[in-house]
Each structure stands twice: as structure tokens, then as C-alpha cells.
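Worksheet: the structure to be examined is printed underneath.
Note that ligands are numbered from 1 as they come in the structure, with each ligand's atoms numbered from 1 the same way.
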Amino acid sequence: MTDPTDPKLLASRRGFLTGAAGLGGAALLGAPNALAGDPQNLPPNIPDWTRTLGDGVAVRAYGKPSKHEANVIRRDVQWLTASRESSVSFTPLHDLDGIITPNGLCFERHHSGIAEINPDDHRLIIHGLVDKPLMLSMEDLKRFPRVNRIHFLECAANSGMEWRGAQLNGCQFTHGMVHCVEYTGVPLRLLLQEAGLKTNAKWLMAEGADSSAMNRSLPLQKALDDCLVAYRMNGEMLRPEQGYPVRLVVPGWEGNIWVKWLRRIEVGDEPWYTREETSKYTDLLSDGRARKFTFVMDAKSVITAPTPQAPLKHKGFAVISGLAWSGRGKIKRVDISLDGGRNWREAKIDGLVLDRALTRFYFELDWNGEDLLLQSRAMDDTGYVQPTKADLRKFRGTNSIYHNNGIQTWHVLPSGEVENVEVS
Ligand code: MTE
Ligand code: CO
């Protein structure tokens with residue numbers, strides 16, 4: 001497995017020009033021939049797989065990707081992994097297309113490992129400032145009216161390591177704390193209506209059944225608006241990693257509040273100020289004050305290919321591909337720069353453009369082998385434009401870890417290799 005902290009893979013901090021001069025070589029161009037495989041299988045020969053019968057139906061009772069896709073996996077970063085139970089793995093964005101993240105590739109963030117819950121023994125309790133406290137089994141939950149919604153989930157710490165400069169070599173690591181799936185679940189509003197809210201109810205506290213009992217305060221208004229108590233992702237039941245059998249879906253808001261393995265919702269009249277919303281997930285500003293409750297994830301985008309893990313392999317026609325998203329609505333437009341932000345051209349958005357979901361964009365390029373400083377810049381339907389990292393730092397200083405939605409730069413070298421850089 002690639003270790004992105006390997007010094008050879010670490011992003012160049014020498015600035016793009018010296019970086020370019022230092023890393024010549026046409027190693028990658030022409031590489032496809034090397035990948036061509038066994039000539040016996042190429043035309044005009046009859047390949048191995050045409051000469052024999054394949055596996056029959058249901059031999060593969062639960063389907064898996066081809067063995068030739070074995071490197072399309074979640075990865076972690078050693079120096080970010082103090083312990084495996086309280087850590088993060090990253091979505092391989094550079095290896096994916098479209099807007100839906102396959103269930104087995106959704107990044108994971110756990111504070112105390114993956115809770116393995118027997119759904120028959122799991123209950124969701126709703127209590128506090130309600131007329132009728134509820135204790136719901138999974139069967140009870142599945143009897144409520146349900147809806148399907150496609151949304152991104154982004155951890156507030158996504159790109160956090162990039163606040164102080166280009167660090168990690170690959171969009172999997174710089175931007176891979178995001179995924180986008182179709183959730184099936186019950187609108188939280190219906191459960192709260194069933195319990196009956198007292199007139200002084202203003203906040204909820206959601207708590208997980210993992211051993212960290214992770215909990216967060218959620219304003220009642222948001223809960224009544226669009227939150228889901230979800231039990232399915234992409235049609236099948238949630239994966240244990242994603243909170244099986246039930247999690248909170250909080251569209252557009254930071255991932256931390258999407259409590260997994262949801263076991264308790266308490267209704268109150270003020271926030272709880274839990275650990276995760278005080279000492280963590282708050283943004284320390286340069287004057288020493290910290291921003292309280294940054295719930296919404298602002299518009300952001302990233303080019304996913306070419307990137308350090310997905311270099312350019314040919315000169316000539318190439319498709320630049322990437323993702324854009326906004327916690328405030330739909331993506332309206334994405335612009336691409338080939339020269340580090342001096343000139344911008346509009347990218348082509350393709351596929352579904354959904355409210356608070358990943359949105360796929362492409363930009364077609366005839367690449368003559370020149371150095372490129374690739375950037376993407378998202379605009380959402382509120383008119384908000386993704387800022388440069390320099391602009392963000394003007395307002396936020398350099399203490400921040402969370403909520404970095406600055407523009408990413410990838411330096412494409414004449415060899416086709418790509419490195420993570422910053423331009424000033
Ligand atoms: N819920 C519980 N119970 N325990 C956790 O550790 N991690 C949170 C949130 N919900 C967490 C949790 C964080 S910080 C994030 S970013 C998201 O879950 C990650 O969701 P995922 O693992 O499905 O990607
Ligand atoms: Co998180």
C-alpha cells in the first residue's frame with residue numbers, strides 16, 4: 001500500500017518552477033505499452049477468457065470488483081493514524097467517476113472503532129422535552145414513511161492538513177474525506193412529531209452507540225427541515241463503517257454531526273457544548289478566539305484526475321475531471337485554470353446536479369506536454385465563489401485545522417507526473 005508520507009511522494013515545497021526543473025524525464029509518457037499485458041491475449045489471438053467457461057451465477061454471492069481493480073481502495077496516512085480505532089481512511093477520489101461513491105470506498109472516520117451492532121438489539125430513544133418519549137426498534141423505524149436523498153458528507157477536517165501549505169500527495173489524501181451516496185430513511189421531523197415537541201424545545205443532542213458515545217448538539221430548526229434518520233445507503237443497509245444499522249443525515253453540514261450508530265436523541269432548550277463542538281471542530285482564529293458552530297460546509301471543488309496518484313499518460317487529448325459541492329445548495333458553475341489562477345475557463349458539468357450533492361465536471365484539453373498549474377473553482381447557486389487559500393488565510397489566520405475549502409493547485413510536469421503545490 002502506498003504510504004503518502006514517503007518523502008519521495010511528499011509534495012514539493014520548492015515552488016513549481018524549481019520543482020519542474022528538478023523532475024524531468026518522460027517516464028510516464030508511453031507507459032501504456034508497458035501495461036499492455038500478455039501479447040497472447042491481444043488480437044488476432046483468442047484471449048484466455050474466451051477459451052474457457054467463466055464462474056456460474058451465484059458463485060460470487062456478493063459481487064466484488066475485478067481483481068484488476070485491487071488498488072482502488074481506501075487508504076490511511078500513517079502520521080495521521082495515532083490509533084486505528086480513532087482515525088480516518090480516505091476515499092480514492094482519483095479512481096472514481098460520476099457522483100456516487102461505492103459503499104465499500106466511502107471514507108471512514110471513527111472515534112472509537114466500528115461498532116458491530118446486532119440490529120435486533122438496537123433501539124433509538126427520543127426523550128427530553130417531548131410529550132411522549134419513544135423507544136424505537138429498527139422494525140418500528142422502517143414502518144415510518146421514508147424518503148431517498150443523495151447527499152455528500154464531508155468531514156470538517158477534510159483538507160485540514162493543507163492549511164499550512166501543500167502537504168499530501170494525492171487528492172485521496174488532500175480531499176478524500178468526502179463521499180456521496182443515496183440515503184434511505186425517515187425524516188427526523190416525523191419522529192419528533194410522533195414524540196410531540198414541548199413548546200420550549202430548541203435543540204437536540206444526537207448520540208452514537210459506539211464506545212466513544214460521540215454526541216453533538218443540533219438546532220431544532222435544522223432537524224425539522226431536512227435531516228434524516230437513515231438506514232440504507234445506495235439501496236442496501238448501511239455498512240458497519242457508516243453507522244449500521246442507523247445514522248443521522250444532516251444535509252450540507254459538517255460530517256461530525258452525522259452521528260453514526262444513532263441510539264439517542266435528547267430534546268432540550270439549549271446546546272450541550274459537547275467535546276466535539278468545543279475543543280474539536282471549532283476554528284481557532286489569529287486573535288485567539290474560536291469560531292463557534294461552523295455547521296455548513298461551504299462550496300469547494302477539486303480536480304481528481306490528473307493528480308499525483310493519477311498522472312497524465314499521453315500527450316494530446318486528455319479529459320480533466322473533478323468534483324464540486326456546496327453545503328448551501330446546488331453547484332452553479334465550475335471554472336478551470338491551467339496557469340495557477342491567472343486565466344479561467346468554464347468546465348462542463350455532466351450528470352445530475354443535485355442540492356448538496358457531489359457534482360461531476362470535465363474539462364477537455366489538448367495537452368502539448370507543457371507544465372500546467374491546474375486549479376478548479378466552484379460557484380454555488382447562492383453566488384458564493386470558492387476562495388483561494390490565500391484569501392481564506394486573510395480571514396482565518398493560520399491556526400485553523402477545519403473547514404478549509406480553498407482552491408487546490410496541481411502541478412502537471414512535462415513527464416505527466418503531478419505534484420501538490422501552492423501558488424501565491
Ligand atoms: N458518529 C459516531 N457515533 N462516532 C464517530 O466517531 N465520526 C463523525 C461522524 N459520526 C463519528 C460519528 C465524523 S468526525 C465524521 S466526518 C463522520 O461521522 C464520518 O462518516 P463516515 O465514517 O460514514 O465517512
Ligand atoms: Co469528521
Salt bridge check, Lys260 against Asp210: does any charged N sit closer than 4.0 Å to a carboxylate O?
no

Looking at Tyr231, does the NZ or CZ of Lys142 lie under 6.0 angstrom from its six-membered ring centre and within 45 degrees of the ring axis?
yes

Within a strict 2.8 Å cut-off of the Co ion (ligand 2), protein N/O/S atoms tallied 1

Worksheet item: Do we get Arg377 above Trp344's six-membered ring, with its NZ or CZ under 6.0 Å from the centre and within 45° of the axis?
Response: yes

### Task
Walk me through it: do Tyr281 and Tyr402 pass the test ring-ring contact (aromatic ring centres under 6.0 Å, His included)?
CA-CA 6 Å; Tyr281 299 100; Tyr402 307 105; 4.7 Å; yes

With sequence neighbours left out, the residues meeting side chain to side chain donor-acceptor pair (under 3.5 Å) with Ser137 are Asp140

Looking just at side-chain N and O atoms, do Gln172 and Asp95 make a donor-acceptor pair shorter than 3.5 Å? no

Those residues with a heavy-atom separation under 4.0 Å from ligand 1 are Phe107, Glu108, Arg109, His110, His111, Leu153, Cys155, His179, Gly208, Asp210, Met214, Glu241, Gln242, Arg247, Gly255, Asn256, Trp258, Val259, Lys260, Trp261, Tyr281

ask   = Can Glu254 and Arg216 be said to form a salt bridge (Lys or Arg N to Asp or Glu O under 4.0 Å), step by step?
value = CA-CA 11 Å; Glu254 61 181 6; Arg216 282 291 302 259; 2.9 Å; yes

Problem set entry | Met161 side chain near Leu80 side chain, heavy-atom distance below 4.5 Å | yes

side-chain hydrogen bond (donor to acceptor under 3.5 Å, both in side chains) pairs touching residues 173-186, sequence neighbours excluded, are Asn148-Thr184

